[in-house]
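Source: prediction; values computed, not measured. Along the sequence shown, residues are numbered consecutively beginning with 1.
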Amino acid sequence: MLLVVWFMPVFAGTDAGSYEATAIAAVAAITAALLVVVPAVLVVAIQALSQFSWRTVRVLADRQMAVWVVIAAIVGVCVPLGLAVNPSPLTTRIAFTCFIASIVIVAWVTWNGARHATPEWLVHHVSTSVLRPRGRWTGGRQRLVRRVAVLGDLVGSPRLPVREHRLAAVTWVVALTAQAQTGADVDDVGQALREVGADLSREVTPDHRAAIAAIAAFGVHMSRSRSINDAVVDVLFDLAVQNRASGRHQIAAEALDAVVDAVSARLAEVTPLQRVLTVVDLPPSSVDPQPTHTTAPTSRSRFAIPRPTVIPLAQPDPDRPAFERVRELARQPVNVADLNELLNELSPDWARKQPLSREAPSHGDQGYELLEATVDRLIAVLTSPTPSSTGWSGGHHEASGFTADIERLGRLGRRLFTGHRYSRCDAIETHLETVAAKLIRAETTPQVPTDRTGWRIAHLARRPSPASMIAAALCDLATEAFEAGYDRRALLTGRRLLGLAAAAAIAGDGVATRSYTEAIYRFVNRTIRHSSSAAVVERGALIISGLIRESDDLRRALPAQEADTDGAASLLRMLPWQAFGFEFVLATAEWQSELRAAGWLRDARTRQSDRIKPGRLLPSLYEKAIEELGSHLAVSDPTYPIALLLTLWADAVVARSDGDNTPASKLTAHLTDQLAELDDYDEGEWPEFDDPSSDDEWNRLDDVPRPRSISAHLRRIVDTITVWAQTETIPASVIPPANEGGRHLLSVLAEAARTPHFQNWTYHGVADTEGSSLIVIQYSDGERILLRDQEAGARGLFTWGYSGTGPHTLADALASHAAGTLQRCTDCFGASPITRGLIDCEACASSGHRRGLADFARLLVSRIIRSLPKDPDIPPTLPIVMWTFTRAELIQATISRGPRRTHADSSRLCPTPS
């Protein structure tokens with residue numbers, strides 16, 4: 001304005017220097033001062049009142065405001081000064097009219113700036129400018145970066161109302177996604193996240209639930225980026241710690257849940273996918289379908305859960321403007337799932353197309369490290385289970401805090417299994433086991449009088465104990481691992497529950513003992529009992545067998561609970577009866593475990609003989625053997641009754657050697673009564689429960705075994721015991737031989753493979769994508785399982801060709817599975833190891849197995865396994881089948897002395913990949 005006045009032409013008129021000119025110049029000067037002072041004061045006032053940042057002031061004091069200020073300066077200063085040179089009545093009126101117009105413009109700019117200084121207008125304006133209705137991001141990368149920064153300032157401020165904060169948070173995440181889509185550096189995006197997180201953590205009373213959900217959704221959407229995921233997890237953990245320390249426990253819980261969501265999405269990207277049973281393309285089987293003689297009753301089971309009705313999801317409308325979708329989403333409390341779905345709609349399939357190799361070469365190690373680090377941090381903020389507990393970093397704030405923390409750990413592990421992501425890191429199970437061991441108390445609670453009238457029973461449900469929450473988490477992890485096909489992981493988790501139950505029983509903590517034992521039963525019952533799949537039942541039988549082998553310590557630590565039908569001991573005894581078709585073999589193993597726990601048998605883990613000095617059975621075990629023998633004497637599989645019968649016979653032998661013939665007489669009388677009762681019934685008079693339709697019939701089916709005609713060899717053993725008991729001298733106790741008890745296993749297999757009803761499944765040697773050699777077993781109905789050893793191991797153990805001990809390990813597992821029940825001795829039905837040294841089986845030398853299993857495994861190595869095609873040097877992109885054998889072909893090629901089928905002359909063997 002000074003330049004305009006300086007270079008203004010001056011005329012020497014009659015009105016030059018008159019009063020009008022002076023007045024016009026004075027008002028112009030005042031107007032110029034207003035134009036300088038008022039906008040400055042306005043900007044300072046906006047900055048002071050907005051509580052955001054200078055970047056938000058730039059949004060208010062935009063280009064439009066500057067244009068209006070310039071117009072006011074021209075109209076109110078420049079034009080009047082020009083007219084003041086040669087004033088006249090007309091120019092004076094024009095000048096003062098310009099003054100009025102300038103004042104009106106200044107007043108309008110001031111009022112408009114004050115009106116726009118509200119949070120509602122600011123958030124709406126920025127969101128509208130970011131979410132263009134045209135659907136594309138305009139204005140260039142720098143403009144988008146500025147918008148993201150402004151939105152970050154708004155999200156990080158606690159002064160926004162709740163609804164505007166939701167809108168700002170959702171828009172900020174959408175803008176961050178757009179910034180990454182335009183090619184921004186992921187480190188810059190991560191730094192922007194950390195800055196907003198620092199702003200949120202600095203405030204005293206922030207209301208940032210929407211920000212937590214938005215950050216988590218962005219982490220889930222950008223899970224392929226390690227830098228962004230690290231930033232998201234760090235910010236969320238900081239918010240959780242800050243809120244938990246400030247007493248805002250609900251917000252802290254939401255932040256920790258968001259951490260689980262973000263980490264789960266990242267683990268799904270970097271953890272290897274293992275679905276070999278469903279991914280591998282097996283050749284068509286030429287085996288004729290065999291009729292299934294034993295199927296689990298599931299159609300009318302009282303435990304059957306109906307299939308849920310599938311409701312189709314509403315399809316998103318891609319034609320709707322982005323701002324309308326964001327605004328509609330922000331009207332309600334924001335959750336991670338809905339926001340992630342919105343991000344996927346706005347940028348479909350973009351994040352999935354980004355390469356992973358630019359950040360790190362080893363993604364499996366990333367998954368293990370990320371899981372371990374996350375679990376460590378979750379354990380570091382674990383709350384105290386009770387107000388009196390000390391030594392917990394999270395402190396105690398509410399009764400449900402510990403429960404939520406434990407469930408959060410379990411949810412992190414279950415999401416891996418449900419996504420068929422196998423992590424070799426068992427940090428979750430290990431930490432849960434450590435926490436559970438810390439909770440087991442060494443002292444017992446005071447004895448409470450028995451509640452005989454029921455007046456102490458509360459009408460409201462009691463809160464679960466900390467032990468029950470940990471037991472439920474481990475049970476869910478084992479269940480999900482089994483459902484995903486990770487049998488060994490499920491077995492290891494089940495053994496952790498066994499160890500915790502034993503520790504609790506030793507410490508006298510009855511509540512924890514019951515919780516952990518019930519979790520084992522619940523895991524087995526949930527996954528195995530109600531399955532109609534023979535493959536699932538066979539896998540479950542392997543799990544139950546592994547649990548029974550490790551249950552000796554728990555049985556030894558349990559007190560006598562014969563009267564408690566729901567006690568830990570009763571739950572353990574119910575485990576074998578969950579695998580339909582394998583129940584009697586597992587019941588025999590369970591009986592051996594009880595004998596070892598009672599000291600009647602030596603622990604198999606000591607690698608000593610089963611028996612050093614014979615002794616008498618405990619009265620409780622004796623009564624149980626008598627009762628179980630009476631209930632299972634006429635079952636289809638005599639394995640379990642023979643084990644009970646031999647045990648009672650051995651006890652009678654020991655008693656007779658001490659001069660006490662009472663047990664022998666009692667056993668003979670009991671067997672005579674049982675046989676007489678069985679002989680009184682015809683086969684048609686036994687109750688049948690083929691199609692139970694009521695709960696009462698199902699209970700009868702569970703409690704009463706389906707009777708059959710007593711086994712001929714079992715009756716032969718009973719007759720031998722009767723003759724032995726009536727003899728005054730002490731003859732040698734030997735199990736009577738069966739018709740073919742001494743036959744070699746190879747001859748039995750060769751004969752069985754030629755029979756028409758031989759169960760002929762198929763073995764497929766598969767090369768996995770991780771370089772492992774797996775054996776997929778396919779049954780006649782199409783069901784598939786993996787060949788596993790006794791410890792449920794299937795990966796990293798087996799190889800074929802020439803590669804160390806792998807072929808021999810494969811031969812041992814393959815021989816045992818191919819032999820099946822034929823390897824069991826038909827004289828003692830596998831029960832002779834229980835009575836070794838007291839009652840011997842000459843057919844199997846008290847080993848329980850036919851002679852020849854080691855020979856079968858040796859022939860498998862020399863004639864089959866070493867001639868199979870080797871795995872490819874480079875792991876394939878998808879699992880491929882290297883060779884195929886049916887069970888009958890495998891037995892015939894191994895045992896036959898003539899020319900055997902090789903890979904070169906077999907059309908059923910898959911060709912070696914080039």
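- Thr517 places no side-chain N or O within donor-acceptor distance of the main-chain N or O of Arg514, the cut-off being under 3.5 Å.
- Ion pairing between Arg496 and Asp426 holds under the 4.0 Å rule for side-chain N and carboxylate O.
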>> One pair to check against side chain to side chain contact (heavy atoms under 4.5 Å, CB included): Leu500 and Glu433. What are the steps and the verdict?
In response: CA-CA 7 Å; Leu500 291 174; Glu433 185 180 24; 3.9 Å; yes
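- With respect to Glu480 and Arg415, no salt bridge is recorded, no charged nitrogen being found less than 4.0 Å from a carboxylate O.
- The shortest distance between side-chain heavy atoms of Leu439 and Pro385 falls below 4.5 Å.
- A heavy-atom distance below 4.5 Å is not found between the side chains of Leu492 and Tyr486.
- Closest approach of Cys475 to Ala519, counting heavy atoms only: SG-O, 3.5 Å.
- Judged purely by atom type and a 3.5 angstrom limit, Tyr516 has no side-chain atom pairing as donor or acceptor with the backbone of Ala503.
- Using a 4.5 Å heavy-atom cutoff, the side chains of Val524 and Leu547 are in contact.
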>> Pair Val196, Val235 - check side chain to side chain contact (heavy atoms under 4.5 Å, CB included), show working.
In response: CA-CA 9 Å; Val196 175; Val235 169; over 6 Å; no
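- Using a 4.5 Å heavy-atom threshold, the side chains of Leu267 and Arg421 count as separate.
- Within the 4.5 Å cutoff, the side chain of Phe482 has heavy atoms near those of the Phe523 side chain.
- Shown here are the salt bridge (Lys or Arg N to Asp or Glu O under 4.0 Å) partners of Asp188, two or more places apart in sequence or in another chain: there are none.
- Ser468 OG to Ile406 CD1: the interatomic distance, rounded to the nearest 0.5 Å, is 10.5 Å.
- Look at Arg526 and Asp476 and you find a salt bridge, because one of the NZ, NE, NH1 or NH2 atoms lies within 4.0 Å of a carboxylate O, short of that distance.
- Under the 4.0 Å criterion applied to side-chain N and carboxylate O atoms, Arg377 and Asp234 are assigned as salt-bridge partners.
- Considering only heavy atoms from C-beta on, Arg166 stays 4.5 Å or farther from Arg209 through its side chain.
- Nearest heavy-atom pair across Val336 and Ala216 is CG2-CB, 3.8 Å.
- Annotation: the span from Leu193 atom CG to Asp230 atom CG amounts to 11.5 Å, rounded to 0.5 Å.
- Each of Leu176, Leu236, Leu339, Val259 was compared with Ile215 under the side-chain contact (heavy atoms from CB on, under 4.5 Å) criterion, and only Leu236 meets it.
- In this structure, the separation between CG on Leu167 and CZ on Arg331 is 10.5 Å, given to the nearest 0.5 Å.
- The only member of Val375, Thr271, Val263 that meets side-chain contact (heavy atoms from CB on, under 4.5 Å) when paired with Leu370 is Val263.
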>> With side chain to side chain contact (heavy atoms under 4.5 Å, CB included) as the criterion, how do Val170 and Leu342 come out once you've worked through the C-alpha distance, each side chain's angles and the decisive distance to 0.1 Å?
In response: CA-CA 10 Å; Val170 176; Leu342 175 63; 4.1 Å; yes
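- Side-chain contact between Arg224 and Asn229: absent, with no pair of heavy atoms (C-beta onward) separated by less than 4.5 Å.
- One distance of note links CZ of Arg489 with OG of Ser423; it measures 6.0 Å at 0.5 Å rounding.
- No donor-acceptor pair closer than 3.5 Å links the side chain of Ser551 to the backbone N or O of Leu554.
- Expressed to the nearest 0.5 Å, how far CG of Asn335 lies from CD1 of Ile212 amounts to 13.5 Å.
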>> Test side chain to side chain donor-acceptor pair (under 3.5 Å) on Asn344 and His221; report intermediate values, then the result.
In response: CA-CA 7 Å; Asn344 292 331; His221 183 72; 2.9 Å; yes
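- Between Ala505 and Thr513, the shortest heavy-atom contact is N-OG1, 3.1 Å.
- In this structure, Gly401 and Thr383 approach most closely via the heavy-atom pair C-OG1, 3.2 Å.
- Remark: of the listed residues Leu497, Ile428, Leu409, Leu412, Ile428 is the sole one forming a side-chain contact (heavy atoms from CB on, under 4.5 Å) with Leu477.
- In terms of heavy atoms, Arg408 sits closest to Ala253 at NH2-O, 3.6 Å.
- A 4.5 Å side-chain heavy-atom check between Val220 and Leu343 finds every atom pair outside the cut-off.
- Salt-bridge annotation for Asp405 and Arg244: present, with a side-chain N of the basic residue lying under 4.0 Å from a carboxylate O of the acidic one.
- Contact detail for Leu239 and Ser201: the closest heavy-atom pair is CD2-OG, 3.6 Å.
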>> Apply side chain to side chain contact (heavy atoms under 4.5 Å, CB included) to residues Leu572 and Tyr521 and explain how you reach the verdict.
In response: CA-CA 7 Å; Leu572 287 178; Tyr521 173 78; over 6 Å; no
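- Here the straight-line distance linking atom NZ of Lys438 with atom CD1 of Ile440 works out to 13.0 Å at 0.5 Å rounding.
- For the side-chain hydrogen bond (donor to acceptor under 3.5 Å, both in side chains) test with Asn243, the passing option among Arg248, Glu254, Gln250 is Arg248; the others fail.
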